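First comes the structure, then the notes that go with it.
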Amino acid sequence: MTEPSSDIAAHIAELRRVIGYHGYRYQVLDDPVISDAAYDTMVRELMELEQAYPELKTADSPTNRVGGAPLERFEKVIHPTPMLSLDNAFSPAEVLAWYERVTRLLPAPAAPGEAMQTDHTDFVVEPKIDGLSISLLYQDGVLVRGATRGDGYTGEDVTSNLRTIPAIPLHVPLDPQAPLAAPPLLEVRGEIFLPIDAFNTLNAQRQAQGEKLYANPRNTAAGAVRQLDPAITASRPLTFIAYYIGVTPNQGLSIPLRSQWEVLQTLRTLGFPTNATNRLCSTIEEAIQAAQEFFRLRQSLNYQADGAVIKVNSLALQQELGIVGRAPRWAIAYKPPSEEAVTRLERIAVNVGRTGVLTPFAILEPVRISGVTVTNATLHNEDYIRDKDIRAGDWVVVKRAGEVIPQVLGPIIERRPPEGLPEWHMPTHCPVCGEPVERDPAEAATYCVNDQCPAQLVRLVEHFAGRGAMDVEGLGEKLAAQLVGTGLVHNVADIYRLTKEDLLPLEGFAEKKAVACLAGIEVSKTRPLARLIYALGIRHVGSTIAELLASQFVSLEALMAASEVDLQHIGGLGPKIAHSIAAYASREANREVIAALKAAGVLSSAVSPVQPAASNALDGLSFVITGTLPTLSRQAATDLIKSHGGRVGDAVSKKTDYLLAGEQAGSKLDKAHRLGVPILDEADLRALIQQRSAG
Ligand code: IVH
């Protein structure tokens, strides 16, 4: 045996330290600074070194661990059995090598006709969703505890957050008459994730509001699950896919489980979502092929997957193979080839958003990355470009993960020409209107502050007319550009002055479409105050803040008259938002728009102001409110119910008398349905009040 040199010992110690640090950033902070691929490479190197020099392996090596320590904020939970990690394979040859290890450890396959269950040529291939693994515990059929993985042995109790995720069943059938009854104690594990389209929508909203963008769906999901306030978790469209049953699954289960494939079928029958792309394969070659097919399919899916998991199908064989270190021997994560490519950055251009925020992006020499030709990639902001030292003319690494927008990760400095390349700076003038730009000292963002800038105006009109705002049927990106480009619209109030004669000459317009469009514009005049406030596109005022403002001010005029100090006193408004609203209101051009909106007949007051202490018609009744109501803000509805003696709670339970539901109601509505809680809309509520005060 070779004696390890002190150099190797030092290198191993350094690797452990670096891996430990990055594990902490990923597991505990949800803020990794290196790619998963780079992390995996280091862990592999450490494992190889520890294998070559077993005397240098220590009990506290990160290869013994599954992840980092849990955060302190939630109650700790000890997992009934550890939540394991997986070893990786990066090529078919490595998968075959794993298979050979498996075969060596197992008895020869049984002769045909004998115990079929020991046939280890059966595999299940499952997508490896890049989310957040969790454990769910059902006691007597009811979800009693949900926990994160944490370090694999101890996780965090996030039950109330997990209960907000619609894909997670709150109970499972226990009735022996049901097609399949669960045991009195059932543990289910799986992955929580944020679908890519939801992630993109969330980031688009944040960009429009000049807020910092989330890095990727995985961290966003992890952040949402670790919110102390379950309402925030509920507001993120998280979902779940199950792949594992723990805690002696056969105990009490009405059908015994023999294989992973049966586990997946059983999970489905019990009400857990499983992945439609799971495959049962009868040879390892077939399994490799199924995984590779999945890699090709990956780009078209609505979730991020960082590989495929190949599992030995038989549970008896799984048991026999057991666990080594941090991972089971019976499964392997097969990772696809890289999604990164190197190309030349030809030029850095700048895009102007609705709030005037300037976003630099790269114009690239076209390059194919996992089957798609990429010509543009985001560069985020000026600081990102400076920190990474990215310059036009550089060879750069471009990554295209599941997200729609590819990213420039950084330059390859060694390939920069010896004479160097010029540094890039944000333009001092808006690339569209030519007016000087301003950098917000508090943020990384630079803004075009000219509210006449056509680029901003197109995006503002699009936002104003968008869903969640004034929701004008037929007024999207294309028409917004046409209206601004032809000079028909100089501000959002001009929309309400459009006539059929204005629209007919526009490309793609005929009588019918023009009439429909004008009808859509007319209908939008009656949107509730919160929608109107949101539609104005005031920086940092998203839909939630707009709701809050609508609950505090009787009209848009009242809001515009409020001083910055008044605004700062409203709970939930930070100084940044208060300043932004006051700055908006102080601009003459904005005040004119608001006056014009009112003159055009857009409702700018909260409808049906609440009468205090109206009656005791709702005495003793408890309500929960969900979704967007047609005229009442959340606060106004609460006030209305309370003024008639009712109570308003946060969560639906068997004790809830009524759920007051509006548009885009989510999990509360599902829960009310399940518990048989009657559901009212706003009109029903008014009718109920009338009926009970009359009677
Ligand atoms: S099996 C007992 N199946 O990958 C083996 N894991 O690197 C571990 N993952 O912590 C679980 N999809 O978060 C398994 N279909 C799948 C998976 C999956 C994603 C994650 C899971 C686990 C990690 C291991």
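Note that ligands are numbered from 1 as they come in the structure, with each ligand's atoms numbered from 1 the same way. Note that the structure is predicted; figures quoted are calculated from it, not measured.
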Check Glu191, Arg189, Lys128 against Tyr243 for a side chain to side chain donor-acceptor pair (under 3.5 Å) and give me the one that passes. Glu191
For Tyr334 and Glu94, which I'm curious about, is there any donor-acceptor pair between the side chains at under 3.5 Å? no
Please could you name the atoms of ligand 1 that Leu84 approaches to less than 4.0 Å, counting only its heavy atoms? 2 (C), 8 (C), 10 (O)
Measure across Thr373 and Arg368 and return the closest heavy-atom pair with its distance rounded to 0.1 Å. OG1-NH1, 3.3 Å
For Glu126, counting its heavy atoms only, list the atoms of ligand 1 lying under 4.0 Å from any of them. 3 (N), 15 (N), 16 (C)
Given Met83, Lys128, Arg189, which has its nearest heavy atom closest to atom 23 (C) of ligand 1? Lys128
Just verifying a value: how many Å separate Phe272 CZ and Leu186 CG, rounded to the nearest 0.5 Å? 5.5 Å
Assess the side chains of Gln260 and Glu126: does a donor N or O sit below 3.5 Å from an acceptor N or O? yes
Using heavy-atom distances only, which candidate in Leu86, Ile310, Ile129 approaches atom 19 (C) of ligand 1 most closely? Ile129
Counting heavy atoms only, which part of Glu191 comes closer than 4.0 Å to ligand 1: side chain, backbone, both or neither? side chain
Hey, is Phe193 touching ligand 1 through its side chain, its backbone, both or neither, going by heavy atoms under 4.0 Å? neither
Could you grab the distance from atom OG of Ser135 to atom CG of Asp157, nearest 0.5 Å is fine? 10.0 Å
Show the atoms of ligand 1 that are less than 4.0 angstrom away from any heavy atom in Pro127. 12 (N), 15 (N)
